[in-house]
Visitor: 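My structure is below; once you've seen it, I'll send some questions.
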Amino acid sequence: MRRSLHTEHEILVLLCEAESGVPIAEICSTAGVSLRTFYRWRQRYGGLTSPALRHLKELEIENQRLRSLVTKLVEGQPTTTPKAAPAPLRQDCGSTPHGVAGAPGQARGAVIGRYASVRYGR
């Protein structure tokens, strides 16, 4: 992301000028920024004082440090998880696993599916 040409303190001074009654178009032209940038600054820094801005920057730095620690912890964990045993077959419907043929003449079991009762007229 592109760095601003103005420091946070300069931005606060510009916002205070706007609150004191100086036209925003004049502030933008003297500072060399667009109206969109000014309103973005107002949305982000509006109502902050210098100590609050310092506290915000400290929190952002701490947040970035914590994110990097979490990333390092996640990378250190093994990515393979133990595989669970396959689910047992339901004994009440007499189904067999897919691809396994039953004995000749033996039924393959219940039809399992979302619309099985509709397809077979039950």
Visitor: Please list, chain by chain and in numerical order, all residues satisfying salt bridge (charged side-chain N to carboxylate O under 4.0 Å, His left out) with Glu19, sequence neighbours excluded.
Guide: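 With neighbours one apart ignored, the set is empty.
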
Visitor: With side chain to side chain contact (heavy atoms under 4.5 Å, CB included) as the test, pick out the partner of Glu62 among Glu60, Arg65, Glu58.
Guide: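 The passing option is Arg65.
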
Visitor: Taking atom CG of Leu15 and atom OG of Ser20, what is their separation to the nearest 0.5 Å?
Guide: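 So the CG of Leu15 and the OG of Ser20 are separated by 11.0 Å.
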
Visitor: Which heavy atom in Ala18 sits nearest to a heavy atom in Arg42, and how many Å separate them?
Guide: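 Residues Ala18 and Arg42, closest heavy atoms: CB-NH2, 4.1 Å.
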
Visitor: Tell me, do Tyr39 and Ile24 make a side-chain contact under 4.5 Å, heavy atoms counted?
Guide: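 They are in side-chain contact.
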
Visitor: On a heavy-atom basis, which atom in Leu35 and which in Cys28 lie closest, and how many Å separate them?
Guide: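 Of all heavy-atom pairs spanning Leu35 and Cys28, the closest is CD2-SG, 3.7 Å.
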
Visitor: Hey, what do you get for CD (Glu8) to CD (Glu10), rounding to the nearest 0.5 Å?
Guide: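 Reported to 0.5 Å precision, the distance equals 9.5 Å.
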
Visitor: Determine whether Leu56 and Trp41 fall in the same hydrophobic cluster, where Ile, Leu, Val, Met, Phe, Trp and Tyr are linked whenever their side-chain heavy atoms lie under 4.5 Å apart.
Guide: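 The answer is yes; both residues are in one hydrophobic cluster.
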
Visitor: Does the side chain of Arg40 reach to within under 4.5 Å of the side chain of Thr37, using non-hydrogen atoms?
Guide: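 Yes, close enough: below the 4.5 Å cut-off.
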
Visitor: With sequence neighbours left out, which residue pairs that include part of residues 45-76 fulfil the ring-ring contact (aromatic ring centres under 6.0 Å, His included) condition?
Guide: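 Qualifying pairs: none.
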
Visitor: Mark yes or no for whether His6, through its side chain, and Leu14, through its backbone, hold a donor-acceptor pair below 3.5 Å.
Guide: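 No, the answer is negative, given that no donor and acceptor are paired below the 3.5 Å cut-off.
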
Visitor: Nearest 0.5 angstrom please: Glu75 CD to Thr71 OG1, how far?
Guide: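 Rounded to the nearest 0.5 Å, the CD-OG1 separation comes to 6.5 Å.
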
